Amino acid sequence: MNYQLGLIGYPIKHSLSPWIHRNFLDQSRLKGTYELVEIHPNHSFPKRLNHLKEIGIDGFNVTIPYKEKIIDFLDKLDNNAKIMSAVNTVHNRNGEWIGYNTDGTGYVRSLINKFPHLETEKKKKRILLIGAGGAARGIYYSLMSFGFSSIDIANRTLQSAENIATLKLDHVETNVITLEKAETDINDYDIIIQTTSVGMKPNINQSIIDISTVKKDCIISDIVYQPIKTKFLTEAEKVGASIHFGHTMLLYQAQSAFEIWTTKKVKLNNLERKLERKLKGE
């Protein structure tokens, strides 16, 4: 089989998805292509999608600004995509387009891979999730599904955080708090996950909250990956916390999508380091 895969979104010219999935295809010894399908918002979205159907594309990823818009053009949604009301992966299964969301599951995979002890200690850990956008929504639900049971959400706008908290499963305790409260109580948390765009290039000197008083064994995670080591992570490292880089989430969400399309579970091996070098322009 010769897989036809791709990514739709705008702008996506600098996306690393083709590089990642071509590595996956090579490793799996599968034939195929992964192409960028950039769709300008002023162009006909239905017409471009119809073309993808006509050529029989096997699967594609979806990024901004189409993660919600794509839903109207799909035949089915998996449970994650329904809950998220957003799709980042589409699979053509026997002519039916099925939507999935691998953002949150990819994040949790990357976290557990870096810190495998969390597998057995998840019920003991108290998590602070900073931000209340689409990424936070997916990560919150996936953390709960994995078995974490204490997840607070801090955000500038409490209503947005409260909307995410409505997803709460029965085994989970969640408090919605302000960023100021999060900063005051920062020492209470074992894992802190930064999901906003604060600190992203070009605003690399910004950090969402002060974390100078975190626990020494705290895990600090930032989903921003440009720069790879944000100010938030640099500050975490200075106080002896363990850090988790955002670019690893890219790989694991892609791994999940590749499994959906091909049923092949690829190993990442040294791809994390290769991607890090690529992002640094080495």
Side-chain angles (χ1 to χ4, degrees), residues 16 103-104 106-122 124-133 135-136 139-140 142-143 146 148 150-157 161 175-253 268 270-282:
L16 291 166
D103 285 332
Y107 174 82
V108 174
R109 276 190 187 186
S110 72
L111 184 69
I112 300 304
N113 180 70
K114 179 74 184 286
F115 304 103
H117 66 278
L118 294 177
E119 181 91 50
T120 54
E121 297 175 13
K122 55 195 172 190
K124 302 175 186 175
K125 301 299 182 184
R126 192 169 177 199
I127 299 176
L128 173 65
L129 193 63
I130 303 173
I139 290 170
Y140 177 71
S142 294
L143 287 167
F146 187 76
F148 288 101
S150 177
I151 312 167
D152 290 349
I153 308 170
N155 196 51
R156 285 193 178 91
T157 308
N175 299 299
V176 170
I177 59 175
T178 63
L179 293 177
E180 291 74 21
K181 174 71 171 167
E183 201 169 270
T184 301
D185 297 345
I186 203 73
N187 191 248
D188 293 342
Y189 297 99
D190 304 294
I191 305 169
I192 300 166
I193 305 167
Q194 201 293 111
T195 72
T196 76
S197 60
V198 174
M200 184 184 292
K201 284 183 178 180
N203 303 309
I204 60 172
N205 294 317
Q206 295 180 356
S207 189
I208 189 99
I209 59 172
D210 178 17
I211 53 172
S212 59
T213 57
V214 296
K215 294 177 180 178
K216 289 293 183 286
D217 61 348
C218 187
I219 294 169
I220 309 284
S221 177
D222 195 334
I223 70 167
V224 169
Y225 58 87
Q226 281 286 31
I228 285 177
K229 190 183 286 186
T230 59
K231 185 178 181 185
F232 191 69
L233 292 181
T234 301
E235 290 174 348
E237 211 169 36
K238 282 179 183 174
V239 296
S242 299
I243 63 173
H244 175 242
F245 295 110
H247 71 280
T248 61
M249 177 182 172
L250 272 183
L251 288 172
Y252 283 90
Q253 67 189 26
L268 297 184
N270 61 345
L271 269 187
E272 285 186 26
R273 180 67 189 123
K274 282 184 178 179
L275 179 57
E276 185 177 333
R277 290 201 301 266
K278 200 167 183 65
L279 287 165
K280 288 178 177 177
E282 295 177 3

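Residue indices begin at 1 and follow the sequence shown. In what follows, every heavy atom counts, from backbone to side chain, and hydrogens, waters and symmetry copies are set aside. Please read these numbers as outputs of a predicted model, since none were measured by experiment.
Between E237 and T234, the closest side-chain pair of non-hydrogen atoms is not below 4.5 Å. Proximity of N113 to L268: side-chain heavy atoms (C-beta onward) are nowhere separated by under 4.5 Å. Between K201 and P227 the shortest side-chain heavy-atom distance falls below 4.5 Å. Contact annotation: the side chain of F232 never approaches that of Q206 to less than 4.5 Å [non-hydrogen atoms, C-beta and beyond]. Two residues are said to be in side-chain contact when any heavy atoms from C-beta on lie closer than 4.5 Å; Y189 and D152 meet this criterion. Inter-residue side-chain proximity for L143 and I191 is flagged as unmet; no heavy-atom pair is nearer than 4.5 Å. Residues F115 and E121 have side chains not in contact (no heavy-atom distance under 4.5 Å, counting atoms from C-beta outward). L128 places none of its side-chain heavy atoms less than 4.5 Å from the side chain of D185.
The two residues I220 and C218 come nearest to each other via the heavy atoms CD1-SG, 3.7 Å. Nearest heavy-atom pair, F148 versus L118, reported as atom, atom and distance to 0.1 Å: CZ-CB, 4.2 Å. Of all heavy-atom pairs between I153 and A161, the closest is CG2-CB, 3.6 Å.
Annotation: the span from I208 atom CD1 to I130 atom CD1 amounts to 6.5 Å, rounded to 0.5 Å. The CG atom of L16 sits 5.5 Å away from atom CG of L279, with the distance rounded to the nearest 0.5 Å. Considering NE2 of H117 and NZ of K124, their distance stands at 10.5 Å, rounded to 0.5 Å. Taking CG from L275 and NZ from K280, the interatomic distance works out to 11.0 Å, rounded to the nearest 0.5 Å.
When each of I139, D222, N155 is tested with T195 by the rule side-chain contact (heavy atoms from CB on, under 4.5 Å), just one qualifies, namely I139.
Between the side chain of K215 and the backbone N or O of D190 there is no donor-acceptor pair closer than 3.5 Å. Judged purely by atom type and a 3.5 angstrom limit, K114 uses its side chain to pair as donor or acceptor with the backbone of I243.
Ring geometry for H247 versus F245: interplanar angle of 30 to 60°, hence tilted.
Ion pairing between a basic and an acidic side chain is recognised when a charged N comes within 4.0 Å of a carboxylate O; E276 and R273 show such pairing.
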